[in-house]
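Below you'll find the structure, written out as C-alpha cells, and then a few comments.
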Amino acid sequence: MSIEITRLFDFPYYQLEKYNLDAAFASKKNGEWIKTSTQEYLDKANAVSRALVSLGVKKNDKIAVISSTNRTEWNIIDIGVLQVGAQNVPIYPTISAEDYEYVLNHSESIYCFVSDEEVLAKVKKVIKNTKLKEVYSFDHIDGCKHYSELFKLGEDKSLQEEVEKRKDNVKPEELATIIYTSGTTGKPKGVMLSHKNITTNALEASHRLPKMGSGTRVLSFLPICHIFERVLIYIYQYAGVNVYFAEGIDKIGDNAKEIKPNLMSVVPRLLEKVFDKIMAKAEDLSGIKKALFYWAVNLGEQWEPYGKNGSWYEFKLKIANKIIFSKWREALGGELTTMVSGSAPLQPRLSRIFTAANMQIMQGYGLTETSPVVSVEMYENNLYKIGSVGKPINNVEVKIADDGEILIKGPNVMMGYYKDAEKTASVMTGDYFHTGDKGKVDDDGFLHITGRKKEMFKTSGGKYVIPTLLEGELKQSRFIEQVMVVGEGEKMPAAIIQPNFEFLLDWIERKEKKVGKTNTEIVNSEIIIKRIQKEVDKCNQKFGKWEQIKRFELTPDVWSIDGGHLTPTMKMKRNIIKEIYKDLYNKIYC
C-alpha cells in the first residue's frame with residue numbers, strides 16, 4: 001500500500017518505497033560528489049530524531065537551521081526535527097547578527113545548526129542573549145560540536161519506538177515550520193506553515209513540472225531557507241529525482257557542466273546576469289559569427305509558443321539552435337531543458353529567448369504566506385503564455401479585489417504570523433489572504449502581475465504610477481543593473497540607477513571611450529550619463545507622458561544584501577535605498 005503524504009516527513013518514506021534511490025542527494029566535498037541514498041537519508045534522519053528525544057526536545061520546540069549553501073545535511077536535520085513534532089526554523093544566512101538574535105528569540109529556538117565558521121561567528125555574537133542550549137555545525141569547526149555527534153547520540157535504537165509515537169501524533173494541520181520573511185521594511189514576520197499547507201502545495205504544484213523520474217538530475221542552489229526552493233526539494237523527493245547541491249552561486253556553471261542537470265530553479269536576476277555574460281562574449285565575435293549570433297538572438301526575441309510563428313520560423317529556429325543556442329546549453333551542461341523561475345517578475349524578452357533556445361522557462365507566482373505556489377506555467381495543455389505567471393494550480397483560488405489586489409484562498413494559505421494575531425487579521429478577509437500584489441486574470445484564465453499595491457504611488461498631479469513596470473522595462477537594458485523609480489507626492493517620476501559596472505567597463509574599452517575605470521568616475525562621466533539617458537528615453541516611449549522618467553541619478557555603489565539595499569531574496573528595500581541616497585533624491589527634486 002502506497003504511503004499517503006500528509007506530513008512533510010512522509011516524502012522521504014514515499015521515495016524509499018517507490019524509488020529507493022542510490023543518490024537522493026549529492027553534495028560536493030573536497031572536489032568529490034558525495035551521494036546519499038534514500039535509505040541513508042532516512043537512517044540519519046531517524047538517528048537525529050532519537051538524539052533530539054534523548055536531549056529532551058519536546059513537541060513544538062523550535063530548532064533553528066542556518067546554512068550558507070544548500071546541502072544534504074540540511075534535509076537530514078529537517079526530517080529529524082519534524083518527526084519528533086518539533087519545528088524547523090530556517091534563517092537566512094546573509095542577515096545581520098542582530099537579526100539572528102531577533103529571529104532566535106522571537107521563535108524561542110533552543111538548538112541551532114550552522115553550516116560554517118562565518119555563520120557560527122554571527123551566532124556566537126548573540127548566543128548569550130538567546131535561549132540556545134547548544135549549536136551544532138555541518139562543517140568541522142574547532143570549538144563547535146559537529147552535527148554527526150547526534151548520530152552517535154541516536155545510536156540507541158530503543159528510542160525509535162518513541163520517535164514512531166511522536167510521528168503518529170503529528171497531525172497534518174499542525175505547525176511544521178516558521179519562515180521569517182526577509183521583509184523590505186521593519187522586523188521580519190514569522191510565517192507559520194503547517195504540514196498540510198506545504199504538502200498539499202507541493203503535491204498540486206508537482207503536476208505542473210515536466211515528467212521526471214529515474215535518472216533525472218536537478219541542480220539546487222537557490223536558498224533552501226526560502227519556501228520556494230524548499231517546496232521544490234520536497235517535490236523532487238516525491239518525483240524520485242537525483243538532487244545535486246551546487247557548491248555556491250559562483251560555482252553554478254562549473255557544477256552544471258559536471259552533473260549535466262535536466263532541471264533547475266532560478267530567479268530572474270540570475271537569468272539576467274547569464275544573458276548579460278552571453279551578450280558580452282558576443283562583442284568579441286566578428287564577421288559572419290557575430291552576424292549569426294545576433295540573427296539567432298533576434299529570432300529568439302520573436303518566439304511564440306505552440307508554433308504560432310509558422311513553419312518557416314520554426315525551420316530557422318532549428319538552425320539557430322544547432323549553430324548558436326547549442327553553445328548556450330553546453331555552458332549549463334548541455335542537457336538542461338527546464339528552468340522554474342520565481343521570486344520576482346521575469347522580463348518577457350528573456351522568457352522568449354531562453355525558451356527558443358530549448359531551455360524552457362516556467363514562470364510561477366507565490367508568496368511565503370501561500371506555501372508558496374499560487375500559479376505556474378506549463379507548456380503542455382496550453383498552460384503557457386508569455387508575460388503571465390500561468391494559471392492557478394488545483395485547489396488554489398485567485399480572486400481580484402475591486403482595487404486590483406490579488407486575493408488567495410486554499411489549503412496552502414498560512415496558519416498566520418507567529419505571535420502576531422493583529423498582523424494576521426490585517427491580511428485576511430475570511431479565508432482569503434491579501435497578497436499586497438496587484439494583478440489581473442485574462443480571458444483565458446492566466447494570471448498577470450501588474451505591481452505591488454503599496455509600491456504604486458500618486459504624483460502631486462494626481463496621476464498614478466506603477467514603479468515596477470518602469471523598473472522592469474529599464475532593467476532590460478544591459479547598461480542598468482538595478483533601478484528604483486521614485487516620485488510619490490512629487491511633480492514627476494524619477495529614477496535612482498545602479499549601472500551595470502561590469503558591462504560598462506567592457507563597453508568603455510570596446511568603444512575606446514575616455515572614461516575612468518572606478519565606479520565613481522563612471523557615474524560622473526557625461527559620456528555614461530548621456531548613454532544611459534538613451535536607455536531611459538527608449539523606456540519612456542512605452543509609457544504615458546505622466547509615467548515617464550523625467551530625471552535620474554546614478555549611484556557608484558553596487559546594491560547588495562550586505563549593503564542593506566536588498567533583502568536575501570534580492571528584493572529592493574525601497575525605504576532604505578531612498579534614505580541611503582537621500583542626497584540624490586533631493587538633487588532630483590530640489
Among residues at least two apart in sequence or on other chains, which ones pass side chain to side chain contact (heavy atoms under 4.5 Å, CB included) with Pro93?
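Side chain to side chain contact (heavy atoms under 4.5 Å, CB included) check on Pro93 returns Ile66, Ser68, Tyr100, Val119, Cys225.
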Those residues at least two apart in sequence (or on a different chain) that pass side chain to side chain contact (heavy atoms under 4.5 Å, CB included) with Glu117 are Ile141
Does [X] pair with [Y] as a salt bridge, N-O distance under 4.0 Å?
X      : Y      : value
Glu473 : Lys475 : no
Glu330 : Lys257 : no
Arg551 : Glu490 : no
Glu304 : Arg352 : yes
Asp284 : Arg510 : no
Lys29  : Glu73  : yes

Aromatic contact, Phe245 with Phe221 (centres under 6.0 Å)
no
Centroid-to-centroid, Tyr306 to Tyr379, below 6.0 Å?
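Distance test on ring centres: under 6.0 Å, yes.
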Between the side chain of Asn586 and the main-chain N/O of Lys582, is any donor-acceptor distance below 3.5 Å?
yes
Any sub-3.5 Å donor-acceptor pair from His226's side-chain atoms to Phe228's backbone N or O?
yes
If the plane angle is over 60° it's perpendicular, under 30° parallel, otherwise tilted; pick one for Trp328 and Phe325.
perpendicular
Indicate whether the side chain of Ser220 and that of Glu229 have a donor and an acceptor atom separated by less than 3.5 Å.
yes
Distance-only polar pair, side chains of Tyr180 and Asp99, donor-acceptor under 3.5 Å:
no
Just how far is it from atom CZ of Phe446 to atom CD1 of Ile386, taken to the nearest 0.5 Å?
10.5 Å
Out of the candidates Thr450, Ile406, Ile400, only one should pair with Lys438 under the side chain to side chain contact (heavy atoms under 4.5 Å, CB included) rule; please name it.
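It is Thr450, the one option of Thr450, Ile406, Ile400 that forms the side chain to side chain contact (heavy atoms under 4.5 Å, CB included) with Lys438.
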Result block: side-chain N/O donor-acceptor pairs under 3.5 angstrom for residues 492-504, not counting sequence neighbours:
from	atom 1	to	atom 2	distance (Å)
Gln498	OE1	Trp559	N	3.0
Asn500	OD1	Glu502	N	3.4
Asn500	OD1	Phe503	N	3.1
Asn500	ND2	Asp276	OD2	3.3
Asn500	ND2	Arg478	O	3.3

